[in-house]
Engineer: 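Got a structure here, written out as structure tokens. Questions coming.
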There are 2 protein chains.
Amino acid sequence: MGSKGEALRQRIITAADELFYQQGYENTSFSDIADAVGISRGNFYYHFKSKDEILIAVIDARITGIELMLNEWNKKFIDPRKRLYYYIDMPLRNQENICLHGCPVGSLCTELAKTNHAMLDDANKMFIVFHGWLVIQLNLLGVNKNVKKIAMQFIARVLGIVTVANAFKDKSFLKQEIKQLKKWLDDEVLEFCHQ
Amino acid sequence: MGSKGEALRQRIITAADELFYQQGYENTSFSDIADAVGISRGNFYYHFKSKDEILIAVIDARITGIELMLNEWNKKFIDPRKRLYYYIDMPLRNQENICLHGCPVGSLCTELAKTNHAMLDDANKMFIVFHGWLVIQLNLLGVNKNVKKIAMQFIARVLGIVTVANAFKDKSFLKQEIKQLKKWLDDEVLEFCHQ
DNA sequence: GTCTATATCGAGATAGAC
DNA sequence: GTCTATCTCGATATAGAC
């Protein structure tokens, strides 16, 4: 539990997080992570007993990362409508990575579902965190019918757009469809909220 | 080029196709395929020089399979609107597999994008085939503005729904959102087509 | 805590008998 | 054409020196 070991543990998680996103979980080896951090493969096992264990740590880090990010957004924007715009624009802000590697949450869930990995139930909690936050923003805007359903539609629509943009590596499609989604939010979801 | 060898080649492709869908491409070994077909690993290499080569064959088979399927649909339904309904309902007809393994096209593209595989450009042709067919149906229904764009939105929305349903293994979400999508088709896309 | 060395396994791929 | 036997490599994981 020394501070040096803890710091290294964090560096391993950060490197693994990035590599899992860029290359996928199964496709990323201990060597890849060890090289990225600059340690030996053997040292790795002092901090994590298995590859699954680092996946757990990465998912955990991502969840708290998302929670921190959403708290920042809450501080940055008082208007819930602007928060929702900022959510929708997220893929545009990360458009390079989105086109190269897809959705960090969705692509991991897709991989874990494919390999029948037990951690799928923890991975999709990342979606749940976004969902809970979306529900709150919609409630604040006076949307009180089908809020949970609408929040899931948000997530599904963004994910669909991002996944297609990734498959075709098409930045312009991403831009165009995110714009369309904003229109949907204004015209369909928040039709009766003119605050 | 003997008929027996050709038949076995087809059986290998069929088995690989199914396993790639269920387990993913990288996660499926030659042993898996050989076991499924009931041949030895060595025999495998008489028919395919490498694992990539069978991926090519599988994608090729899937594309012609999709084309055949869409031709069947064209024969089965004269009304293009009913064809579009049938397209939208596809995930419901395959709901068990969808929840277990996701979208056969989308999940493969996501994996190939992640591993930077050269075959991604061929895999997303599966989407293109669907897209071309959707454009034709929309044209037949008198939609003449943004047809290509709308057809891609179709694909992206279905893919988003399917990917979320797969991540949560949630059949009821799938049903509910497909229903919603049908409403979107009627109210937004075909609003002015009352044939 | 971090390292090197090594065990073990399963993968893709090849050689050659039949 | 199909098989068995084998090669090679890279992966996860362990043992033990420092």
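Chain identifiers are assigned alphabetically (A, B, ...) following the order of the sequence lines, protein sequences preceding nucleic acid strands; residue numbering begins at 1 within each chain.
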Engineer: Counting only heavy atoms and a strict 4.0 angstrom limit, can you tell me which residues of residues 109-121 of chain A come near DNA chain D?
Structural biologist: none
Engineer: Show every ring-ring contact (aromatic ring centres under 6.0 Å, His included) that has at least one partner inside residues 140-175 of chain B, sequence neighbours left out.
Structural biologist: B:Phe154-B:Trp184
Engineer: Could you tell me which residues satisfy side chain to side chain contact (heavy atoms under 4.5 Å, CB included) with A:Lys169, sequence neighbours excluded, listed by chain and number?
Structural biologist: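 With sequence neighbours excluded, A:Lys169 shows a side chain to side chain contact (heavy atoms under 4.5 Å, CB included) to A:Asn166, B:Ala113, B:Leu120, given in chain and number order.
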Engineer: How many Å lie between OH on B:Tyr25 and P on C:dG12, as a whole number?
Structural biologist: 8 Å
Engineer: Mark yes when over 12 heavy atoms from residues, nucleotides or ligands other than A:Lys49 sit less than 6.0 Å from its NZ; otherwise mark no.
Structural biologist: no
Engineer: Could you write nucleotides 3-11 of chain D as a row of B, S and -, 5' to 3', where a protein heavy atom under 4.0 Å of any base atom gives B, of only sugar-phosphate atoms gives S, and otherwise -?
Structural biologist: BB------S
Engineer: For A:Ile12 and C:dG1, give me the distance from atom CD1 to atom P, rounded to whole Å.
Structural biologist: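 Nearest whole value for this atom pair: 13 Å.
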Engineer: Among pairs that include at least one residue of residues 113-137 of chain B, which meet ring-ring contact (aromatic ring centres under 6.0 Å, His included), considering only residues two or more places apart or in two chains?
Structural biologist: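 Applying ring-ring contact (aromatic ring centres under 6.0 Å, His included) to every pair that reaches into residues 113-137 of chain B, excluding sequence neighbours, yields B:Tyr25-B:His117, B:Trp73-B:Trp133, B:Tyr87-B:Phe130.
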Engineer: Provide, to the nearest angstrom, the distance between the OH atom belonging to A:Tyr46 and the P atom belonging to C:dG1.
Structural biologist: 4 Å
Engineer: Take atom CZ of A:Phe44 and atom P of C:dA5, then tell me their distance rounded to the nearest Å.
Structural biologist: 21 Å
Engineer: Using a 4.5 Å cut-off on heavy atoms from C-beta on, say whether the side chain of B:Ile33 contacts that of B:Ile54.
Structural biologist: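 In short, these two side chains touch, coming nearer than 4.5 Å.
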Engineer: Assess, by modelled atom type and distance only, whether the side chains of A:Asp79 and A:Tyr85 contain a donor and an acceptor separated by less than 3.5 Å.
Structural biologist: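 No, no side-chain donor-acceptor contact under 3.5 Å.
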Engineer: Hey, are B:Lys125 and B:Asp122 close enough for a salt bridge, meaning a charged N less than 4.0 Å from a carboxylate O?
Structural biologist: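 Salt bridge: yes.
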Engineer: Which residues pass the ring pair (Phe, Tyr, Trp, His ring centres under 6.0 Å) test with A:His47, not counting sequence neighbours?
Structural biologist: none
Engineer: What is the distance from CG of B:Asn27 to P of C:dG12, rounded to the nearest Å?
Structural biologist: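 About 10 Å, once rounded to whole Å.
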Engineer: Can you tell me how far C1' of C:dG1 sits from NE2 of A:His47, to the nearest Å?
Structural biologist: 7 Å
Engineer: Mind calculating the distance between CZ (A:Phe48) and C1' (C:dT2) to the nearest angstrom?
Structural biologist: 15 Å
Engineer: Does A:Glu72 pair with A:Lys75 as a salt bridge, N-O distance under 4.0 Å?
Structural biologist: yes
Engineer: Write down the distance between CG (B:Leu55) and P (C:dG12), rounded to a whole number of angstrom.
Structural biologist: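 About 13 Å, once rounded to whole Å.
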